[in-house]
Amino acid sequence: MLRTNQSFLDRAKQLYDQQERKDAIVVRHYRKGQHLFHQDEPSTKVMVISRGIAKCYFTEANDKAYIVEFLSTGEIVGEIECIRNISCLCSVQAMTEVTVYAFSLPYFRSLLNQDIVLSNKLLEVMAQRIAQTSSRASYQQLYTLAHSLSRLLQMQSQLRITISKEDMAAYLGISVRSLNRELNKVH
């Protein structure tokens, strides 16, 4: 439910500290509600979250949003767009104060060719995402909505964050009305 990757964060921090001119990787801060990426807009950076929580979501043609995942420390965003040289596939929005290491696209591309450690970590990230996406899809098919909602509420409580009803519904792939019905059963 909340993705983190300490190993990738450690590598990003190491690369940040090793750079000579301090312009290939910069530290950026985002306020709660601010977007790191906007779906369908050109990608300008690859980012690794060093602190905070963000949501990654698609907005469909009917203006309905679907939250793919909640991201936190060590998660990388914008790498697929960089590799494929495409616009942003989804939007990423800060749910709390978020700090990132922002890699310039040319520098990130050069790292992919020259830094085997980073390339291997990125392969691990992508393999993990495929496994987690498959697991989530099967989980949503095999478990009840009530169970999924219970896990989401538990995560919210553990992290001491507030997830709006709209975001809960978007994560669960249901309407706010259906979510309200389920919440009434819980309370």
When rounded to the nearest 0.5 angstrom, what is the spacing between CG in Leu2 and OG1 in Thr73?
-> 7.5 Å
side-chain contact (heavy atoms from CB on, under 4.5 Å) between Val27 and Val100, intermediate numbers included | CA-CA 6 Å; Val27 175; Val100 301; over 6 Å; no
Point-to-point distance, once rounded to the nearest 0.5 Å, from CG of Asp23 to OG of Ser104 = 7.5 Å
So do Asp10 and Gln6 actually touch side chain to side chain, heavy atoms under 4.5 Å?
-> yes
Using distance alone, with no hydrogens and no angle criterion, decide if Gln132 and Arg129 have a side-chain donor and acceptor under 3.5 Å apart.
-> no
side-chain contact (heavy atoms from CB on, under 4.5 Å) between Leu153 and Met168, intermediate numbers included | CA-CA 9 Å; Leu153 292 171; Met168 285 186 194; 3.6 Å; yes
Arg181 side chain to Ser178 side chain, donor-acceptor N/O pair below 3.5 angstrom | yes
Heavy atoms, side chains only, cut-off 4.5 Å: are Val26 and Gln19 in contact?
-> no
Chi angles and distances behind the side-chain contact (heavy atoms from CB on, under 4.5 Å) call for Leu89, Gln39 = CA-CA 5 Å; Leu89 294 168; Gln39 184 174 326; over 6 Å; no
How many angstroms lie between atom OG of Ser72 and atom CE of Met95, to the nearest 0.5 angstrom?
-> 10.5 Å
Heavy-atom donor-acceptor pair, Gln93 side chain to Gly33 backbone, under 3.5 Å | yes
Look at the side chain of Gln34 and the backbone N and O of Ala94, then say whether any donor-acceptor pair between them is shorter than 3.5 Å.
-> no
Which of Ile161, Leu152, Leu159 passes side chain to side chain contact (heavy atoms under 4.5 Å, CB included) with Phe70? It is Leu152
Scan side-chain atoms only and decide if Ser91 and His38 contain a donor-acceptor pair under the 3.5 Å cut-off.
-> no
With a cut-off of under 6.0 Å to the ring centre and 45° to the axis, is Lys22 in cation-pi contact with Tyr16?
-> yes
List the atom of Ala65, the atom of Ala170, and the distance in Å for their closest heavy-atom pair.
-> O-CB, 3.4 Å
Out of curiosity, Ser148 OG to Glu182 CD, how far, rounded to the nearest 0.5 Å?
-> 9.5 Å
Ring centroid separation for Tyr57 and Tyr171, is it under 6.0 angstrom?
-> no
Do the side chains of Val117 and Phe108 join up, straight or via other hydrophobic residues, at under 4.5 Å, putting them in one cluster?
-> no
May I ask you to test the Lys45-Arg28 pair for a side-chain heavy-atom distance under 4.5 Å?
-> yes
Please name the pair of heavy atoms, one in Leu118 and one in Arg11, separated by the smallest distance, quoted to 0.1 Å.
-> CD1-CG, 4.1 Å
Where Leu9 and Gly74 come nearest, the two heavy atoms and their spacing | CB-CA, 3.6 Å
Intermediate values then yes/no, side-chain contact (heavy atoms from CB on, under 4.5 Å), Thr59 and Lys64 = CA-CA 6 Å; Thr59 303; Lys64 290 193 179 191; over 6 Å; no
Quick one: does Ser50's side chain have a donor or acceptor within less than 3.5 Å of a partner on Thr99's backbone?
-> yes
Donor-acceptor pair, side chain of Ser110 and main chain of Tyr107, under 3.5 angstrom = yes
If you group Ile, Leu, Val, Met, Phe, Trp and Tyr by side-chain heavy-atom gaps below 4.5 Å, do Leu36 and Tyr66 land in one group?
-> no
Indicate, with yes or no, if Ile83 and Ile76 share a hydrophobic cluster defined by side-chain heavy-atom contacts under 4.5 Å among Ile, Leu, Val, Met, Phe, Trp and Tyr.
-> yes
In terms of side-chain heavy atoms, does Lys121 have a donor or acceptor partner in Ser7 at a distance below 3.5 Å?
-> yes
With distance as the sole test, does Gln156 use its side chain to make a donor-acceptor pair with the main-chain N or O of Ile163 at under 3.5 Å?
-> yes
If you group Ile, Leu, Val, Met, Phe, Trp and Tyr by side-chain heavy-atom gaps below 4.5 Å, do Leu172 and Leu71 land in one group?
-> no
In terms of hydrophobic clustering (I, L, V, M, F, W, Y; side-chain heavy atoms under 4.5 Å; direct or indirect links), are Phe8 and Met126 co-clustered?
-> yes
Point-to-point distance, once rounded to the nearest 0.5 Å, from OG1 of Thr96 to CZ of Arg31 = 13.5 Å
Give a yes or no on whether the backbone of Gly52 and the side-chain of Glu97 come within a donor-acceptor separation of less than 3.5 Å.
-> no
For residues Asn120 and Glu124, is any side-chain donor paired with an opposing acceptor at under 3.5 Å?
-> no
Check whether any side-chain heavy atom of Phe103 sits under 4.5 Å from a side-chain heavy atom of Val48, and report yes or no.
-> yes
Nearest atoms (heavy-atom pairs only) where Tyr101 meets Ala12 = CD1-CB, 4.1 Å
Distance col, row Leu105:CG vs Ser43:OG, nearest 0.5 angstrom, shows 5.0 Å
Of all heavy-atom pairs between Lys55 and Asp167, which one has the smallest distance, and what is that distance?
-> NZ-OD1, 2.6 Å
Could you tell me whether Glu69 and Arg3 have a side-chain N and a carboxylate O separated by less than 4.0 Å?
-> yes
